[in-house]
2 protein chains.
Amino acid sequence: MRTTEYTRDNMVDLLRQHGINPTHQRIEIAHALFSHYGHLCADQVMAITNAKHSETSKATVYNTLNLFLEKKMIREVIVDPSKVFYDPNTYPHHHFYNTATGELTDIDVEDIGLTGLPQLPPGLVTEGVDIIVRVRPSP
Amino acid sequence: MRTTEYTRDNMVDLLRQHGINPTHQRIEIAHALFSHYGHLCADQVMAITNAKHSETSKATVYNTLNLFLEKKMIREVIVDPSKVFYDPNTYPHHHFYNTATGELTDIDVEDIGLTGLPQLPPGLVTEGVDIIVRVRPSP
DNA sequence: CCAAGGGATTGGACTATGTCTAATTCTTCG
DNA sequence: CGAAGAATTAGACATAGTCCAATCCCTTGG
């Protein structure tokens, strides 16, 4: 578990560590993602970065999120057909997804035991395993 | 594993078993899903049902797929941010997802051992557990 | 300091998936 | 037959995300 504070200076370092040129917009977007440690979607990221003064366009938000993904600085979580969540936690873990509220909660990878994955067809390699536990309020 | 043939007559029975009034369009859509045993998305379903004569509108395709989901006659698989796959196999199982080709392959639930799911916060119940193994061609 | 070049950002048009609505058609049944 | 209710429809609409050409900005060399 990370204990770093998510200052803008630390964001600059983080970006550099991932080979990303730290620009104003990228710093703000990284800060939004990491300081609201959680699971934001693109429009939430945009709302947060533009809360005070509108300074980042939709195109840049999407460009930047995709750049972060490519450089593996963040991860995407696909649980809702209508939008992608971006997860600043790249340490292996899984998720509870509350289908009523849309809330995502982490499950530590240590907490789940997974055995007996079938062999892959030849010529394929595993990119990752996502476990999503869909939950809802009891009736 | 089902061995039934997916004739239109059998589709009528299947619809009735799920409390769905079997209309022409619903029979065709069920037939498309079950005879192409696999994982289709809405536009593929529409293309198949309208292959010979165009007789089913986009609205009906979506209405019907959502009705089938509601009645638990099929399942949705959310792995691609841009579209939903519909899965006629409602027996518990998981998926390989080939991120390069978009291909989905079933993993029998018996083949995977899953232990130690963390306790749910009170007031929540589990709807289901989806395991997605993302794979890609080895480089 | 200035100018050039290249990367970053931008508005806005565009695409694709999916939803909504009001009008129409189909089916059922007295 | 005729009324009522269910199903279907075309097309407008909503929304997430992509694309592109124009502009901006930052760095570097002279």
Side-chain angles (χ1 to χ4, degrees), chain A residues 8 11-12 15-16 18-33 39-50 53-71 73-87 99 102 104, chain B residues 8 11-12 15-16 18-33 39-50 53-71 73-87 99 102 104:
Chain A
R8 282 169 178 74
M11 291 302 102
V12 171
L15 289 164
R16 292 224 171 87
H18 288 85
I20 299 168
N21 189 13
T23 64
H24 290 313
Q25 287 85 344
R26 288 169 181 176
I27 294 166
E28 283 310 305
I29 290 171
H31 186 255
L33 286 165
H39 308 84
L40 305 177
C41 54
D43 62 324
Q44 291 175 309
V45 170
M46 184 155 162
I48 293 168
T49 56
N50 286 336
H53 309 291
S54 177
E55 48 187 12
T56 307
S57 70
K58 186 175 63 153
T60 299
V61 170
Y62 280 101
N63 285 345
T64 302
L65 290 171
N66 287 327
L67 177 68
F68 288 0
L69 280 178
E70 215 177 276
K71 300 293 190 178
M73 201 178 91
I74 62 176
R75 210 172 100 164
E76 60 184 342
V77 184
I78 299 167
V79 287
D80 180 321
S82 76
K83 63 192 161 203
V84 173
F85 289 99
Y86 296 91
D87 190 343
T99 53
L104 272 172
Chain B
R8 284 170 176 75
M11 292 302 102
V12 172
L15 289 164
R16 291 225 171 89
H18 288 86
I20 300 169
N21 189 10
T23 65
H24 290 315
Q25 287 85 346
R26 289 169 180 176
I27 294 167
E28 283 310 307
I29 290 171
H31 187 255
L33 287 165
H39 307 85
L40 304 177
C41 55
D43 62 324
Q44 292 175 309
V45 170
M46 186 156 159
I48 293 168
T49 55
N50 286 334
H53 309 291
S54 176
E55 48 187 10
T56 308
S57 70
K58 186 175 62 153
T60 299
V61 170
Y62 280 101
N63 285 346
T64 302
L65 290 170
N66 287 327
L67 176 68
F68 287 1
L69 281 178
E70 214 176 276
K71 299 293 190 174
M73 201 178 90
I74 61 175
R75 214 172 98 165
E76 60 184 344
V77 183
I78 300 167
V79 287
D80 179 321
S82 75
K83 63 190 161 203
V84 173
F85 289 97
Y86 297 90
D87 190 341
T99 53
L104 272 172

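The analysis underlying the following values was restricted to heavy atoms, covering all of them including side chains, and did not include hydrogens, waters or symmetry mates.
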- Item | Exam field: side chain Asn50(A) to backbone Thr56(A), donor-acceptor pair closer than 3.5 Å | yes
- Query: Separation of Gln44(A) atom CD from dT15(D) atom P, in whole Å?
  - Reply: 15 Å
- Among dG18(C), dA10(D), dG11(C), the one nearest Ala59(B) by side-chain distance: dA10(D)
- Item | Exam field: side chain Arg16(A) to backbone Asn21(A), donor-acceptor pair closer than 3.5 Å | no
- Note on the structure: In this structure, CD1 of Ile48(B) is separated from CE of Met46(B) (nearest 0.5 Å) by 12.5 Å
- Query: Within this structure, what is the CG-to-P distance between Leu15(A) and dA8(C), rounded to whole angstrom?
  - Reply: 12 Å
- Among dT9(D), dT10(C), dG17(D), the one nearest any side-chain atom of Asn63(A) is dT10(C)
- Asp80(B) CG to dT18(D) P, straight-line distance once rounded to whole Å: 11 Å
- Item | Donor-acceptor contact below 3.5 Å, side chain Thr64(B) vs main chain Thr60(B) | yes
- Task: Counting heavy atoms from C-beta on, name the nucleotide in dT27(C), dG12(C), dC26(D) closest to the side chain of His24(A).
- Result: dC26(D)
- Query: Choosing from dA16(D), dT10(C), dT17(C), which nucleotide comes nearest the side chain of Lys83(A)?
  - Reply: dA16(D)
- Query: Any side-chain N or O of Gln25(B) under 4.0 Å from OP1/OP2 of dT9(D)?
  - Reply: yes
- dG17(D), dT10(C), dT9(D): which one has an atom nearest the side-chain heavy atoms of Val84(A)? dG17(D)
- Message: Side-chain N or O of Tyr62(A) versus OP1/OP2 of dT18(D): is the shortest distance under 4.0 Å?
- Response: no
- Message: So, OP1 or OP2 of dT17(C): does either fall under 4.0 Å of a side-chain N or O from Ser82(B)?
- Response: no
- Glu55(A) CD to dT9(C) C1': how many Å, rounded? 12 Å
- Query: Choosing from dT8(D), dT9(C), dT19(C), which nucleotide comes nearest the side chain of Thr60(A)?
  - Reply: dT9(C)
- Item | Selected nucleotide, minimal atom distance to Arg26(B) side chain, candidates dA7(D), dT19(C), dG11(C) | dA7(D)
- Message: If I take atom CD1 in residue Ile20(A) and atom C1' in nucleotide dT9(C), what distance separates them, rounded to the nearest angstrom?
- Response: 16 Å
- Message: In whole Å, I'd like the distance from the CZ atom of Phe85(B) to the P atom of dT17(C).
- Response: 11 Å
- Distance in angstrom units between Leu65(B) CG and dT8(D) P, rounded: 12 Å
- Message: As a test of reading the structure: which of dT18(D), dT9(C), dT9(D) is closest to the side chain of Lys58(A), going by heavy atoms?
- Response: dT18(D)
- Query: Between dC26(C) atom C1' and Asn21(B) atom CG, what is the distance in whole Å?
  - Reply: 11 Å
- Task: Please confirm whether the backbone N or O of Val45(B) pairs with a side-chain atom of Thr49(B), one donor and one acceptor, at under 3.5 Å?
- Result: yes
- Query: If you check every side-chain atom of Asp43(B), which of dG17(D), dT17(C), dT9(D) has the closest atom?
  - Reply: dT17(C)
- Query: Which sits closer to the 5' end of DNA chain D, Thr23(B) or Pro81(B), going by the nucleotide each is nearest to?
  - Reply: Thr23(B)
- Which listed nucleotide (dG11(C), dG18(C), dT18(D)) is nearest to the side chain of Asn66(A)? dT18(D)
